[in-house]
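All figures in this text were calculated on a predicted structure; none of them were measured in a lab. First listed ligand is number 1; within each ligand, the first listed atom is number 1.
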Amino acid sequence: MVIKPHLKRTVRILLVGDRGVGKTSLILSLVSEEFPENVPAKAEEITIPADVTPEQVPTNIVDYSSVEQSEAELNDHIKRASVVCIVYAVDDDESIERISSYWMPLIRQNHPDTQCPVVLVGNKIDLVEYSTIDGIYEIMEEFSEIETCVECSAKTLKNISEMFYYAQKAVLHPTSPIYSVENAD
Ligand code: GTP
């Protein structure tokens, strides 16, 4: 009998979130290890080869821009994502409220049969003296597919590589069930 080794698929990480929360900056900070002073509306799709990722899997990182992209394109991106990072800005309460009111329902709509893992990313931690994590835990209790949350700063590079590692881990070692009776019709 031949036992085939488990083939590692590509992990597709999609960043979504309200305008100006820092999605493009996070991706560019990861890639260049410095904060980009001038950010384009959208970063090109990035492919990271398996041998330089912590979990040794090829990883694509995909940016979303509400300015450049349509709602149909957003839905298509969400359908194809293996994990979605919802980015909010820690100094912008509305971007936090919209996690439960807009982004989570949209992700569920686009993954009706299976749960798509989600990581919540609080960016711009360099601008505040407080943490948003207590409020975020309440959101995590409401949506079981949220695997984890992390606060970071594209500007100071704090927790940037960690955030992409958590996203990979959410796909490769999810803690929530992939099929939810709650979501089934
Ligand atoms: P859209 O493409 O419009 O949806 O925006 P985005 O989410 O891609 O945000 P973008 O990366 O364009 O950043 C928006 C603004 O926030 C820019 O002026 C960035 O310089 C700034 N910014 C991004 N990350 C940080 C951060 O960690 N700290 C601070 N202080 N500013 C940041």
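For ligand 1, the polar-atom distance check against Glu37 finds no nitrogen or oxygen pair separated by under 3.5 Å. Polar contact with ligand 1: absent for Asp63 (N/O pair, distance under 3.5 Å). For ligand 1, the polar-atom distance check against Tyr64 finds no nitrogen or oxygen pair separated by under 3.5 Å. In terms of N/O distances under 3.5 Å, ligand 1 is not approached by Phe35. Between Ala154 and ligand 1, at least one N/O pair is under 3.5 Å apart.
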_CA sep, side-chain torsions, deciding dist, call: Glu147, Lys169, salt bridge (Lys or Arg N to Asp or Glu O under 4.0 Å)_ = CA-CA 9 Å; Glu147 283 286 330; Lys169 207 163 150 263; over 6 Å; no

side-chain contact (heavy atoms from CB on, under 4.5 Å) evaluation trace for Val16 with Leu14: CA-CA 6 Å; Val16 299; Leu14 171 67; 3.8 Å; yes

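For atom 8 (O) of ligand 1, the closest heavy atom belonging to the protein is Thr24 OG1, 2.8 Å. Scanning the protein heavy atoms around atom 5 (O) of ligand 1, the nearest turns out to be Gly20 N, 3.1 Å. At the shortest separation from atom 11 (O) of ligand 1 among protein heavy atoms lies Ser25 OG, 2.6 Å. The nearest heavy-atom contact from the protein to atom 28 (N) of ligand 1 is Asp126 OD1, 2.8 Å. Nearest protein neighbour of atom 9 (O) of ligand 1, counting heavy atoms only, is Gly22 N, 3.0 Å.
Contacts of Ala41 classified as side chain to side chain contact (heavy atoms under 4.5 Å, CB included), with partners at least two apart in sequence or in another chain: Ser65, Glu68.
With Glu151 as the fixed residue, the side-chain contact (heavy atoms from CB on, under 4.5 Å) test singles out one of Ile125, Leu120, Ile136, Val121: Ile125.
Atoms of ligand 1 lying under 4.0 Å from at least one heavy atom of Leu127, given by number and element, are 30 (N). Those atoms of ligand 1 with a heavy atom of Lys155 less than 4.0 angstrom away are 26 (C), 27 (O), 28 (N), 29 (C), 30 (N).
Residue Tyr137 places its OH atom among 12 or fewer non-hydrogen atoms of other residues, nucleotides or ligands, all under 6.0 Å distant.
Of the options Glu68, Lys23, Lys124, the smallest heavy-atom separation from atom 25 (C) of ligand 1 is shown by Lys124.
Residue contact annotation: Ala41 has a non-hydrogen atom under 4.0 Å from ligand 1.
Contact annotation: for Asn123 versus ligand 1, heavy atoms closer than 4.0 Å belong to the side chain alone. Within the 4.0 Å heavy-atom criterion, the part of Val39 lying near ligand 1 is the side chain and not the backbone.
Sorted by first and then second residue, the pairs that involve residues 23-43 and meet side-chain hydrogen bond (donor to acceptor under 3.5 Å, both in side chains), not counting sequence neighbours, are Thr24-Asp63.
Glu145 and His111 are not linked by any side-chain donor-acceptor pair at a separation below 3.5 angstrom, with hydrogens and angles left out of the test.
Distance remark: protein heavy atom not present below 4.0 angstrom from atom 18 (O) of ligand 1.
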